[in-house]
Amino acid sequence: MLGLAREHREAAVRLAPSAMRRCFTLKEFVRLAAGGVDGARARDAAVAVDDSVATGAVDGLRTAAGSAAGGAGRWAVSGGMMDGEDLGVAGGFDGVVAAVAARRGATAPVAAAEDDVPDPWAQPHDVLYDCAREIDRAVSRLALLLGSGGASA
């Protein structure tokens, strides 16, 4: 489960305590997943995301939900298939989630603001736009880290 703020993650865990190791904020999951990728690939992903967000060409994770629901443990990401190998993990998406969960306690803690996307509710249009760009950047970076290469359909 990926929420946009720690309060979302905490609410999910209250509803299903057994899911605790599978609940993250979007930015937390990306941060921890990036920790398992070699430095050059992580830098390339960050640069590619910044470039594609600037031009508005990012496609993101279009079919991840369908894959997780019944895709036999494989990620279908923006036209490409990925089975966890790019993060050095066997076992498909479940293996990626397990590896990211294992990294949660092995990295230095960060401020809540680093893992949360601010709520744009009742804010001016520019705050909503900034929020959308932040979500787009995080999802796009995750797609690149998971091996999509940023391909668009």
Side-chain angles (χ1 to χ4, degrees), residues 1-39 41-42 45-46 48-50 52-53 58-148 150:
M1 194 294 293
L2 297 177
L4 294 183
R6 289 180 180 194
E7 66 189 73
H8 303 151
R9 181 188 69 199
E10 291 163 5
V13 171
R14 278 193 303 274
L15 290 172
S18 64
M20 184 173 75
R21 292 192 47 82
R22 297 184 314 272
C23 293
F24 304 87
T25 70
L26 172 63
K27 290 172 61 178
E28 174 190 28
F29 192 88
V30 171
R31 176 175 55 81
L32 294 171
V37 178
D38 65 72
R41 175 131 188 212
V49 166
D50 288 342
S52 59
V53 167
V58 175
D59 188 28
L61 294 173
R62 296 183 304 119
T63 59
S67 297
R74 294 181 65 87
W75 269 84
V77 182
S78 299
M81 294 303 287
M82 179 273 171
D83 64 4
E85 298 299 321
D86 288 327
L87 288 177
V89 177
F93 183 68
D94 290 340
V96 172
V97 173
V100 170
R103 290 185 195 115
R104 183 181 270 155
T107 61
V110 299
E114 288 189 45
D115 279 345
D116 288 358
V117 174
D119 188 352
W121 182 256
Q123 298 294 317
H125 184 292
D126 61 323
V127 174
L128 178 62
Y129 181 75
D130 290 343
C131 178
R133 287 178 52 93
E134 187 171 358
I135 293 168
D136 188 41
R137 191 176 301 114
V139 170
S140 298
R141 184 161 186 227
L142 180 59
L144 289 168
L145 291 170
L146 291 175
S148 75

For this session: In sequence, state the C-alpha distance, the side-chain angles, and the governing distance for Leu4 and Thr25, and then conclude on side chain to side chain contact (heavy atoms under 4.5 Å, CB included).
Result: CA-CA 5 Å; Leu4 294 183; Thr25 70; over 6 Å; no
For this session: Could you walk me through whether Phe24 and Val30 pass side chain to side chain contact (heavy atoms under 4.5 Å, CB included), step by step?
Result: CA-CA 9 Å; Phe24 304 87; Val30 171; over 6 Å; no
Problem set entry | Glu28/Arg9 under salt bridge (Lys or Arg N to Asp or Glu O under 4.0 Å): CA gap, chis, key distance, verdict | CA-CA 10 Å; Glu28 174 190 28; Arg9 181 188 69 199; 2.8 Å; yes
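Under the 4.5 Å side-chain criterion, counting only non-hydrogen atoms from C-beta, Pro118 is in contact with Glu134.
Here Lys27 contributes atom NZ and Glu114 contributes atom CD; the two are 7.5 Å apart, rounded to the nearest 0.5 Å. Atom-to-atom distance recorded for Asp130:CG and Gln123:CD is 11.0 Å, nearest 0.5 angstrom. Separating the CZ atom in Arg104 from the CZ atom in Phe29 is a distance of 10.0 Å, to the nearest 0.5 Å. Between the OG atom of Ser140 and the CZ atom of Arg133 there is a distance of 10.5 Å, given to the nearest 0.5 Å. Leu2 CG to His8 NE2: the interatomic distance, rounded to the nearest 0.5 Å, is 12.5 Å. For the atom pair Arg14 CZ and Glu7 CD, the distance stands at 9.0 Å (nearest 0.5 Å).
For Asp119 (side chain) and Trp121 (main-chain N/O), a donor-acceptor pair under 3.5 Å exists by modelled atom type.
Residues Arg6 and Asp115 are paired through a salt bridge, judged by an N-O separation under 4.0 Å between the basic side chain and the carboxylate.
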